[in-house]
Amino acid sequence: MDIHNKLIAFFVLLISITDTGIKAQPGNNEPFVGVNIGTDVSNLPSPPDLVAFLQSQKINHVRLYDADPQILKALAKTKIRVIVSVPNNQLLAIGSSNATAATWVGRNVAAYLPDTLIAAIAVGDEVLTTIPSSAPLLIPAIESLYSALVASNLHTQIKISTPSSASIILDPFPPSQAYFNQTLTPIITQLLKFCSRTQSPLMMNLYPYYVYMQNKGVVPLGNSLFKPLTPSKEMVDPNTLLHYTNVLDAMIDSVYFSMRNLNVSDVAVLVSETGWPSRADSKEPYATVDNADTFNSNLIKHVFDRSGTPLHPEITSSVYIYELFNEDLRSPPVSEANWGLFYGNSTPVYLLHVSGSGTFLANDTTNRTYCVATDGVDGKTLQTALDWACGPGRANCSEIQPGETCYQPNNVRNHASYAFDSYYQKEGRNSGSCDFKGAAMITTTDPSHGNCIFPGSKTVSNRTSQIVNSTTTQSSGAGRNKFVGYHVSPTSAFVDLIWGVGSCLFYFMFLS
């Protein structure tokens with residue numbers, strides 16, 4: 001690279017770094033991780049039980065795909081902030097009538113305030129790409145709803161946006177070359193002007209899973225899962241020389257660069273959906289429990305690290321994981337029913353490894369989990385799995401022998417649950433060790449009964465003091481202290497910037 005090209009790359013990078021007009025998080029400077037709650041679940045908890053479960057998991061941000069009145073009532077007087085949604089099939093009515101929009105706000109928002117903390121309204125879902133015929137109604141619907149909020153004096157506390165698919169962006173890598181689909185530019189321009197005027201975020205559904213599936217052999221799996229990379233495996237934007245260690249950051253920066261192409265630099269990106277499926281058919285071989293666990297665990301850590309993106313290290317986008325529960329009633333493909341962190345009965349699909357990331361999704365499930373027989377599995381399948389666990393699996397099955405404390409009740413389900421848990425605990429509670437070809441599942445409910453103490457209970461009780469100390473350390477702010485009281489004076493920041501510019505310029509011109 002000659003000195004002319006070096007200077008061009010340098011100044012592109014400098015402009016990227018110094019353009020920081022974005023509001024980090026509307027109304028809240030702390031990035032967070034929330035969850036989407038779909039309801040196509042055969043055994044969905046009742047609204048009161050659902051809210052109790054959210055509280056037990058320390059989940060304080062949720063997004064609904066409608067404005068379910070029972071859930072909104074159950075959320076009253078909690079600290080859980082909720083995004084309510086206008087379903088796509090209601091866009092026509094709301095976009096065509098200010099009166100209808102006002103009625104919707106009154107019935108689905110104002111009626112629950114102030115007891116229920118409604119943070120935002122999501123207008124439709126991926127309207128621009130899934131139902132383009134309704135796209136002309138999107139901005140009128142958003143403006144009508146905003147006018148209704150203004151009339152109720154709610155416009156400063158409740159934001160409005162619309163979740164869009166990543167496919168509205170073309171040529172997303174390198175991020176600096178990304179741009180919005182030009183056929184959608186007139187509507188997107190209006191949307192961005194609205195977001196800028198009202199300080200609302202641009203909601204984006206960003207899935208590294210699909211990027212990987214569509215670019216196998218080009219995008220390494222490790223980049224998609226936030227795995228640590230050697231510098232040689234990092235993705236480098238040749239125009240800005242920014243290094244990307246994961247796909248999600250690159251996707252977020254592609255949105256920022258696309259907005260910049262439309263002269264918008266003060267709108268924050270909110271990741272309204274992201275996730276990884278834990279199960280699928282043979283056409284999706286990377287939808288596994290281990291990959292889903294790795295992605296979501298690392299995602300949570302990444303957000304709470306507050307490291308931002310290479311383009312905007314000062315801004316960390318909040319994210320909503322898709323999704324809370326496996327929606328077992330969804331139509332094929334198989335992966336559609338397997339994006340959840342939990343089954344509908346509130347047992348975890350896998351155990352997130354989020355220690356050190358505060359209390360979010362890190363209650364007793366981190367330490368007190370068990371592996372038991374799945375409901376509805378036939379006795380023959382359970383017997384086969386039991387034989388393997390007590391044989392080649394080398395589980396300790398002595399307690400389920402005749403006369404021992406866990407022999408009763410004498411049935412294959414009880415014996416299999418004990419053997420499964422023994423194997424699971426022996427393997428360090430690795431999520432992949434509680435499957436047995438679908439015959440087993442992880443639960444947070446202690447299966448011990450009477451004098452029969454399951455292996456997981458014995459393990460936990462022997463380590464109680466260690467767990468309590470660990471919990472105390474985390475709740476006192478471990479992993480977050482480096483952000484407490486951080487302040488940089490304008491003078492200091494300017495001096496640091498000049499020093500950095502000089503150093504970088506020296507490197508570009510003379511040393512590289």
Quiz item: Hey, mind stepping through Val86 and Ile94 against side chain to side chain contact (heavy atoms under 4.5 Å, CB included) and telling me if it holds?
Solution: CA-CA 9 Å; Val86 176; Ile94 292 176; 3.6 Å; yes
Quiz prompt | Leu192 vs Leu262, side chain to side chain contact (heavy atoms under 4.5 Å, CB included): CA-CA, chis, key distance, verdict | solution = CA-CA 9 Å; Leu192 293 176; Leu262 296 180; 4.0 Å; yes
Quiz item: So Lys159 and Gln199, side chain to side chain contact (heavy atoms under 4.5 Å, CB included) or not? Walk me through it.
Solution: CA-CA 8 Å; Lys159 303 302 179 182; Gln199 295 185 17; 4.1 Å; yes
Exercise. Please assess Asn326 against Asp328 for the test side chain to side chain contact (heavy atoms under 4.5 Å, CB included), listing each intermediate value before the final yes or no.
Key: CA-CA 6 Å; Asn326 273 351; Asp328 58 313; 5.6 Å; no
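Judged by distance alone, the side chains of Asn36 and Glu273 never bring a donor and an acceptor atom under 3.5 Å apart. A donor and an acceptor atom, one from each side chain of Ser272 and Asn205, are located under 3.5 Å apart. Checked by atom type, the side-chain pair Ser335/Asn338 shows no donor-acceptor distance below 3.5 Å. The closest side-chain donor-acceptor pair between Asp290 and Thr288, if any, does not fall under 3.5 angstrom. In this model, no donor atom of one side chain and acceptor atom of the other lie less than 3.5 Å apart for Ser85 and Asp66. Counting only N and O atoms by type, the side chains of Ser176 and Asn239 include a donor and acceptor under 3.5 Å apart. Side chains of His243 and Asp237: a donor-acceptor N/O pair is absent below 3.5 angstrom, by distance only. Side-chain contact annotation: Tyr343 with Asn43, donor-acceptor N/O pair under 3.5 Å absent.
Between Tyr320 and Phe32, the ring center distance clears the sub-6.0 Å criterion.
We find the OG-CZ distance between Ser265 and Phe257 to be 12.5 Å, quoted to the nearest 0.5 Å. We find the CD1-NE2 distance between Ile80 and His61 to be 10.0 Å, quoted to the nearest 0.5 Å. In this structure, the separation between OG on Ser254 and CG on Leu170 is 10.5 Å, given to the nearest 0.5 Å. Atom OG1 in Thr189 sits 9.5 Å away from atom CD1 in Ile139 (nearest 0.5 Å). If you take CD on Gln70 and CG on Leu50, they are separated by 12.0 Å, rounding to the nearest 0.5 Å. Here Ile121 contributes atom CD1 and Ser161 contributes atom OG; the two are 11.0 Å apart, rounded to the nearest 0.5 Å.
The aromatic rings of Tyr209 and Trp276 sit perpendicular, their planes meeting at an angle over 60°, well past the 30° parallel limit.
Looking only at distances, no side-chain donor or acceptor of Ser318 sits under 3.5 Å from a matching main-chain atom of Val33. Side chain of Asp305 to main chain of Ser307: no donor-acceptor pair is present (N/O by atom type, distance under 3.5 Å, no hydrogens or angles). When atom types are taken as modelled, the side chain of Asp49 and the backbone of Pro45 share no donor-acceptor pair closer than 3.5 angstrom. Of the possible polar contacts, none joining the Glu327 side chain to the Glu336 backbone as a donor-acceptor pair under 3.5 Å is found. Although no hydrogens or angles enter the test, the distance criterion places no donor-acceptor pair under 3.5 Å between the side chain of Thr294 and the main chain of Asn291. Distance alone, capped at 3.5 Å, places no donor-acceptor pair between the Thr116 side chain and the Ile118 backbone.
Between Val123 and Pro163, the shortest heavy-atom distance links the atoms O-CD, 4.2 Å. Of all the heavy atoms in Ile188 and Ile168, the pair that sits closest is CD1-CD1, 4.2 Å. Between Ser278 and Tyr350, the closest heavy-atom pair is CB-CE2, 4.1 Å. Residues Ser164 and Glu126 share a closest heavy-atom pair of C-CG, 4.1 Å. Residues Thr316 and Val303 approach most closely at CG2-O, 3.6 Å, considering heavy atoms. Contact record, Met259 with Phe180: N-CE1, 3.6 Å, taken as the closest heavy-atom pair.
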Using a 3.5 Å cut-off and no angle test, enumerate the donor-acceptor pairs between side-chain atoms of residues 218-228 and protein atoms at least two apart in sequence or in another chain.
| unit_1 | atom_1 | unit_2 | atom_2 | d |
| --- | --- | --- | --- | --- |
| Asn223 | ND2 | Lys233 | O | 3.4 |

Would you give me the side-chain donor-acceptor pairs under 3.5 Å for residues 146-156, sequence neighbours excluded?
| unit_1 | atom_1 | unit_2 | atom_2 | d |
| --- | --- | --- | --- | --- |
| Ser147 | OG | Glu143 | O | 3.0 |
| Ser152 | OG | Ala148 | O | 3.3 |

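Contact of the Leu64 side chain with the Val82 side chain is registered, since non-hydrogen atoms from C-beta on lie closer than 4.5 Å. With a 4.5 Å cut-off on side-chain heavy atoms, Ser317 and Pro31 do not count as touching. Using a 4.5 Å heavy-atom cutoff, the side chains of Thr240 and Leu311 are not in contact. Looking only at side-chain heavy atoms (C-beta outward), Phe295 and Pro208 come within less than 4.5 Å of each other. Put simply, the side chain of Ile321 reaches to within 4.5 Å of the side chain of Ile300, judged on heavy atoms. Put simply, the side chain of Ile169 does not reach to within 4.5 Å of the side chain of Met251, judged on heavy atoms. The closest side-chain heavy-atom distance from Trp104 to Val84 is below 4.5 Å. Between Val247 and Val211, some side-chain heavy-atom pair lies under the 4.5 Å cut-off.
The side-chain contact (heavy atoms from CB on, under 4.5 Å) test with Leu341 singles out one residue from Asn296, Ile59, Leu351, and that residue is Asn296. Put simply, the residue from Val269, Val267, Leu202 that forms a side-chain contact (heavy atoms from CB on, under 4.5 Å) with Tyr256 is Val269.
By the neighbour-count criterion of 12 heavy atoms within 6.0 Å, atom CZ of Arg279 is sparsely surrounded, having that number or fewer from other residues, nucleotides or ligands. In this structure, Tyr286 places its OH atom where only 12 or fewer heavy-atom neighbours from other residues, nucleotides or ligands lie under 6.0 Å away.
Taking 4.0 Å as the cut-off between side-chain N and carboxylate O, Arg260 and Asp253 do not count as a salt-bridged pair.
Listed by chain and residue number, nothing satisfies the salt bridge (Lys or Arg N to Asp or Glu O under 4.0 Å) test with Arg107 (two or more places apart in sequence, or in another chain).
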